[in-house]
There are 4 protein chains.
Amino acid sequence: MIRLQEHSASPIYEQIVEQLKALVAKGAMKAGDKVPSVRELSSMLLINPNTVSKAYQELERQGVIQTVRGKGTFVSSNEAPRMAAERLEALQREIRRLAVEAKSLGLSEQQWEERIRMESRTLWGDERAAD
Amino acid sequence: MIRLQEHSASPIYEQIVEQLKALVAKGAMKAGDKVPSVRELSSMLLINPNTVSKAYQELERQGVIQTVRGKGTFVSSNEAPRMAAERLEALQREIRRLAVEAKSLGLSEQQWEERIRMESRTLWGDERAAD
Amino acid sequence: MIRLQEHSASPIYEQIVEQLKALVAKGAMKAGDKVPSVRELSSMLLINPNTVSKAYQELERQGVIQTVRGKGTFVSSNEAPRMAAERLEALQREIRRLAVEAKSLGLSEQQWEERIRMESRTLWGDERAAD
Amino acid sequence: MIRLQEHSASPIYEQIVEQLKALVAKGAMKAGDKVPSVRELSSMLLINPNTVSKAYQELERQGVIQTVRGKGTFVSSNEAPRMAAERLEALQREIRRLAVEAKSLGLSEQQWEERIRMESRTLWGDERAAD
DNA sequence: GTGGTCTAGACCACT
DNA sequence: GTGGTCTAGACCACA
């Protein structure tokens with residue numbers, strides 16, 4: 001369900017954050033679903049519980065999951081994402097950076113937007129199909 | 001020409017890399033143009049020469065600039081960017097990550113693609129106008 | 001009468017304490033009124049009786065309710081709240097903390113006091129109206 | 001400058017966050033001022049560097065301080081506090097809680113608002129005097 | 001059982 | 001020198 005890349009530039013806790021957000025975005029996990037406990041996931045991934053804990057705390061800050069004391073951690077109903085203003089700003093900055101990288105690689109506008117659409121389809125496509 | 005954000009999450013050398021790539025992508029610098037020497041740029045930006053040097057090494061590795069012994073450093077003809085395969089893979093991974101973040105923030109497919117187009121226009125738009 | 005937020009930062013027993021104090025403060029419950037027994041409330045809220053018991057112990061410690069052996073638990077006459085000195089000190093410390101947070105968020109003194117008044121009205125306002 | 005209460009209910013890292021925010025709110029520290037390094041403060045307070053680090057990360061998330069790689073940590077120009085929406089909501093909830101506690105302690109509306117004004121003066125008072 | 005906090009000590013990237 | 005990440009292992013509150 002979650003797979004770590006050992007020699008990745010991004011830290012382990014960030015990989016967990018990204019992948020869990022991806023699972024929720026894709027609909028593989030839905031509001032109310034139980035997330036593995038800190039100890040469970042840490043032993044599954046063979047990493048320290050503190051590292052998982054750090055990832056979960058970041059996910060809670062962003063409103064993706066919610067912890068219930070003594071019971072566990074659950075996917076939250078993501079109607080009101082947290083820190084939306086800051087995250088939208090960061091998103092736009094990163095899009096700008098990637099567009100520069102794309103052009104720097106010699107991609108045309110059409111090629112760049114085609115690559116975007118490839119990812120859009122896998123995320124939003126199913127919903128459109130369901131219409 | 002290059003402006004550093006003192007308080008940024010990304011390291012200074014990366015800011016230089018990104019901004020020089022952006023200048024080339026926007027057409028503000030073209031193949032053959034001379035880029036400031038390490039000493040020049042470091043004194044302009046009031047930073048350590050080693051930091052500029054690290055940035056230039058990364059830019060050369062990506063094929064954006066080329067050093068000519070005794071003459072200086074120049075923007076290279078960008079027809080065959082180095083490491084294109086690796087960088088295209090990384091680009092696609094990052095697009096995927098941003099699409100997840102966009103959906104996680106509650107953006108619709110239309111809103112997400114509109115944000116992409118906002119950046120595309122400023123980079124590729126001028127060329128289209130010139131057609 | 002009491003509504004728990006499953007996904008809240010504060011523990012369940014604290015939510016019960018806060019809400020019962022709020023009911024008394026608003027006048028919805030008055031001195032001598034019977035409060036639900038531990039068993040009743042725990043089955044109403046679908047939680048462990050120990051959790052309700054912990055809440056009632058805290059409320060009794062603060063002088064909000066009183067247990068009469070064999071008869072039940074009642075809202076106490078609130079003329080001499082227990083631990084008033086300690087609680088007043090804690091109150092002042094918390095006001096100080098919130099004022100700092102308000103200023104840190106860029107609120108003006110007027111905006112801060114307006115937010116206070118919004119809450120004051122709903123608690124004390126009715127009494128003034130009854131004068 | 002920062003004093004820890006050993007037997008406080010609130011964790012050490014939170015005490016650091018609160019106290020540093022208070023120093024900035026009072027004007028004792030201003031934008032651009034250097035904050036003690038993680039290692040410095042941890043040895044001053046005789047606590048683990050990780051605990052200070054956790055506090056600083058939270059302060060950065062709230063936009064109170066900014067770290068500059070390899071140089072240190074500085075008070076940020078607090079014109080755009082971060083997570084403002086979420087923090088304003090939390091502030092209002094906490095005001096509500098404190099108002100209930102005040103009334104529960106038998107305070108009149110006047111006594112409650114007087115206690116608010118006591119803290120307001122020490123934070124905003126100086127500015128008014130400077131007008 | 002759950003997550004939250006803290007310590008001790010290590011390694012790394014950046015300047 | 002700076003902060004960021006990670007591990008190992010401990011204790012606590014909550015349910």
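Just the heavy atoms: all of them, side chains too, but no hydrogens, waters or symmetry mates, feed the values below. Naming convention: chains lettered A, B, ... in sequence-line order (proteins, then strands); numbering from 1 in each chain.
Dashed line: the shortest gap from a side-chain N or O of D:S37 to OP1 or OP2 of F:dG1 is not under 4.0 Å. The side chain of A:S53 places an N or O atom within less than 4.0 Å of a non-bridging phosphate oxygen (OP1 or OP2) of E:dG4. A close approach under 4.0 Å does not occur between any side-chain nitrogen or oxygen of D:K71 and OP1 or OP2 of F:dG3. A:T73 has a side-chain polar atom (N or O) that falls below the 4.0 Å cut-off from OP1 or OP2 of E:dG3. In this structure, D:Q57 reaches the F:dG4 phosphate: one of its side-chain N or O atoms is under 4.0 Å from OP1 or OP2.
Applying the 3.5 Å distance criterion, the base of F:dG3 shares a donor-acceptor pair with the side chain of D:R39. Contact of D:R69 with F:dG4 (side chain to base): no donor-acceptor pair of N or O atoms is detected under 3.5 Å. Remark: the C:N48 side chain and the F:dA15 base include no donor-acceptor N/O pair separated by less than 3.5 Å.
Distance check, rounded to the nearest 0.5 Å: NZ of B:K34 to CD1 of B:I65 gives 11.0 Å.
Each of B:E14 and A:E40 was matched to the nucleotide of DNA chain E holding its nearest heavy atom; the match closer to the 5' end belongs to A:E40. Of the two residues contacting DNA chain E, namely B:I12 and D:Y13, the nearest-nucleotide position lying further toward the 5' end is that of D:Y13.
With F:dT5, F:dT7, F:dG4 as the choices, the nucleotide that has an atom nearest any side-chain atom of A:N50 turns out to be F:dT7. Comparing F:dG3, F:dA8, F:dC14 by their closest approach to the side chain of C:K54 singles out F:dC14. The side chain of D:T67 sits closest to F:dG4 out of F:dG4, E:dT15, F:dT7.
When both pairing distances are held under 3.5 Å, F:dT7 makes a Watson-Crick or G-U pair with E:dA8. Across all strands shown, the partner of F:dC14 is E:dG1, judged by Watson-Crick or G-U wobble contacts whose two distances both fall under 3.5 Å.
Here the closest non-hydrogen pair linking A:Q15 and A:R3 is OE1-O, 4.3 Å. Nearest heavy-atom pair across D:E86 and A:A84 is OE2-N, 4.1 Å.
Annotation: side chain of C:L41 is in contact with side chain of C:M44 (closest heavy-atom distance under 4.5 Å).
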